[in-house]
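Since the model is a prediction, treat every value here as computed from it, not as a measurement.
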Amino acid sequence: ETIPGSVALLQSMLDARAAAWDRPGLEAERGALEARLEGADAAAVASLSDRLGEVIDLLETIDGPQAQHHAQGILRGLQFEPEDSGKGESELSSGWQQRLALAQ
């Protein structure tokens, strides 16, 4: 169990991934593209649809089932044990906090 106010390592990794890929910006772009598609003429539909597909793919990369697996792989590569993924950042020594910073 994590200490109150402390983010679990795995969630910390997922949050860093979302920030690096600008999830809020991509979600806003998806909404804008969907709105533009509703009133688009036939010529614009193809390019808007292509970009919407790219944005959806990026969002799935950030939040999809492979994101957690990827984050766990990075943590394992830095010698974190699987049971560590539920620990809070504040529970780590300064050396392990540095490893986490590298992972993010």
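The minimum heavy-atom distance linking I62 with A67 is given by the pair O-CB, 3.1 Å. Residues G86 and A8 approach most closely at O-CB, 3.8 Å, considering heavy atoms. Across all their heavy atoms, S90 and Q97 have their closest contact at CA-NE2, 4.1 Å.
Residue M13 is grouped with residue W96 when hydrophobic side chains (ILVMFWY) are merged at heavy-atom distances under 4.5 angstrom, including chains of intermediate members. Note on W21 and V55: same hydrophobic cluster, where clusters join Ile, Leu, Val, Met, Phe, Trp and Tyr whose side-chain heavy atoms are under 4.5 Å apart, directly or indirectly.
Separating the CG atom in D63 from the CG atom in L58 is a distance of 11.0 Å, to the nearest 0.5 Å. Atom CG of L33 is separated from atom CD of E29 by 5.0 Å, given to the nearest 0.5 angstrom. Here the CD atom belonging to E34 is positioned 10.5 Å from the OG atom belonging to S49, to the nearest 0.5 angstrom. Here CG of L75 is found 11.0 Å from CZ of R99. Values are rounded to the nearest 0.5 Å. Note that CD of Q72 and CZ of F80 are 13.0 Å apart. Values are rounded to the nearest 0.5 Å. Separation of atoms CZ (R23) and CG (L14) is listed at 8.5 Å; rounding is to 0.5 Å.
For Q98, the CD atom sits in a loose shell: 12 or fewer heavy atoms of surrounding residues, nucleotides or ligands are nearer than 6.0 Å.
Side chain of R17 to main chain of T61: a donor-acceptor pair is present (N/O by atom type, distance under 3.5 Å, no hydrogens or angles). With Q68 contributing its side chain and P65 its backbone, the two residues share no donor-acceptor pair below 3.5 Å.
Looking at E54 and R51, a side-chain N of the basic residue comes within less than 4.0 Å of a carboxylate O on the acidic one, giving a salt bridge.
Tested against D84 for a side-chain contact (heavy atoms from CB on, under 4.5 Å), the candidates L92, L9, L10 yield a single pass: L9.
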